[in-house]
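Remarks on the structure that follows.
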Amino acid sequence: MADRRTRLTRATQAGLAWDQQHHAVVPPIYLSTTYAWPKPGESPGHEYSRSSNPTRSLLADTIADLESGAGAEITASGMAALTTLVAAFVPGGALVAIPHDCYGGTWRLFSSLARKGQFEVAYVDFTDPVATAAVLQRKPALVLLESPSNPLLRITDLPTVIDAAHAVGATVAVDNTFLSPALQRPIELGADIVIHSTTKFLNGHSDVVGGAVVGATAEIVKELRWWANCLGTPGGALDSYLTLRGIRTLGVRMKAHCDNAQALAELLAQHPAVKATHYPGLSDDPGHDLARQQQDGFGGMLSFELNDLAAAKRCLAGLTCFSLAESLGGVESLICHPASMTHAAMPPEVQAAAGISDGMLRLAAGIEIIDDLLYDLRAGLDRARRS
Ligand SMILES: *Cc1c(COP(=O)(O)O)cnc(C)c1O
């Protein structure tokens, strides 16, 4: 009989009734590194846990299903996922195009490998059609996209840029960490590969570092998995188990993240201490219409600008509901200062070009009771206003 369940229900129920030996409702964790062969030439299926592991496979299949992919590999981190992508899909000396305002670690990985002479990298504002056309004319082998961007929450027109990149023969990967497949599915918009830091919304509890690469076709998946095994980037069984546990609540968590972020953005947008609020859920945000078209929600991330660093410090001092910390996607609310934290690897002139100012703060809205978050943030904004 056809499976009539929706994708989020399938994720909630992933691997239930999988255990044929004891009929455990929740699937067991396979820690074994190696698996016994019936006889030479007859593989047991899983052979060695770097190559494949039953617990990891269960998580990979669940994420691939959520992303409408043909398959996936689970990696030890989001950076391990990006490393696998580079090894598999960037020939030596090729051109790679990445967002000028991408995740700081992504910027560091690509710029450092380019400095070693492995390939050339172009930093592109993919929200600008002229800049996008100019880089595509140079025929990049790989185009990596992030939408929304970090920390400005700019929205890239994914179907349009993906089509244009395919027209010049590029492989297109989208880092979907900021929204999760509950809110955006890049493969359905034409992408070849989806990258995740599962550390963020997919695990959702700030207690596992992990990643995933998802391929749109069996061929792409085979290539990604071959390189993951070759490089040694796959993730561990315990981490895979915890991440699968987190994914069971992805649907309800994302709804709460979106609702809380929307309410916080509306507070920020009308507070006199705030120069600018960046959240695609605000109807006058430049990315609002595009986000409505290609996303199923506006997400849990937002950023805003105060007058200067001193104002940002006054806002931060005394917050009780927002921990000053990097990362995002956990059930608890976080706040960070991109210029000195997440994006510190970028030189000041690169930060300026990406629109990151000293007075900017980034919020990762958790799933707490919204009145508590609003009360705490409003007090912080009032402090920022007093000099
Ligand atoms: C965190 C993050 C990464 C890197 O993931 P790690 O799990 O920290 O290695 C990559 N891309 C985005 C958008 C991220 O937020």
Side-chain angles (χ1 to χ4, degrees), residues 56 59-60 63 67 72-87 96 98-113 123 126 142-156 158 173-184 186 191 193-214 228 231-236 238-240 242-243 246-247 254 257 261 278 280 295 299-303 325-330 334-336 338 341-346 354 356 362-366:
R56 203 168 78 222
L59 174 61
I63 293 178
E67 285 286 5
E73 183 56 282
I74 302 307
T75 56
S77 66
M79 293 317 301
L82 287 157
T83 302
T84 307
L85 170 73
V86 169
V96 180
I98 69 172
H100 71 128
D101 53 356
C102 64
Y103 174 72
T106 303
W107 191 90
R108 179 172 53 200
L109 175 69
F110 282 86
S111 61
S112 304
L113 290 174
Y123 307 94
F126 288 107
L142 176 71
V143 171
L144 175 66
L145 304 172
E146 273 182 33
S147 184
S149 73
N150 173 20
L152 271 99
L153 286 300
R154 295 188 181 112
I155 306 291
T156 294
L158 291 178
V174 177
D175 185 331
N176 201 28
T177 299
F178 260 45
L179 287 176
S180 93
L183 303 183
Q184 176 170 272
I193 296 162
V194 170
I195 300 292
H196 272 289
S197 167
T198 58
T199 313
K200 317 293 169 54
F201 289 105
L202 281 173
N203 177 60
H205 294 75
S206 305
D207 54 7
V208 177
V209 171
V213 284
V214 186
L231 293 164
T233 50
L238 275 170
D239 287 351
S240 295
L242 285 170
T243 304
I247 282 181
M254 292 317 297
H257 285 297
H278 307 289
Q295 300 174 197
M301 299 300 298
L302 58 151
S303 62
E326 299 190 0
S327 200
L328 55 124
L334 303 176
I335 192 163
C336 98
M341 297 169 68
T342 49
H343 291 64
M346 285 183 175
I356 300 166
R362 186 188 80 180
L363 279 180

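Below, each value reflects all heavy atoms present in this structure, side chains not excepted, and no hydrogens, waters or symmetry copies. Every number for a ligand or one of its atoms is a count from 1 in the order of the listing.
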With the side chain counted from C-beta on, respond yes when Phe126 and Val143 share a heavy-atom pair under 4.5 Å apart, and no when they do not. yes
So Leu85 and Ile195, do their side chains get closer than 4.5 Å, heavy atoms only? yes
Output the distance between atom CE (Met301) and atom CZ (Phe201), rounded to the nearest 0.5 Å. 6.0 Å
Among all residues two or more places apart in sequence or in another chain, which pass the salt bridge (charged side-chain N to carboxylate O under 4.0 Å, His left out) test with Glu67? none
With a 3.5 Å cut-off and no angle check, do the side chains of Thr83 and Thr233 form a donor-acceptor pair? no
Result for side-chain contact (heavy atoms from CB on, under 4.5 Å) between Ser303 and one of Ile335, Leu363, Asn150, Leu153 points to Leu153
Contacts table for ligand 1: protein N or O within a distance under 3.5 Å of ligand N or O, distances only.
residue	atom	partner	partner atom	Å
ligand 1	5 (O)	Ser197	OG	3.0
ligand 1	7 (O)	Gly78	N	2.9
ligand 1	7 (O)	Ser197	OG	2.8
ligand 1	7 (O)	Thr199	OG1	2.7
ligand 1	9 (O)	Gly78	N	3.0
ligand 1	9 (O)	Met79	N	2.9
ligand 1	11 (N)	Asp175	OD2	2.7
ligand 1	15 (O)	Lys200	NZ	2.7

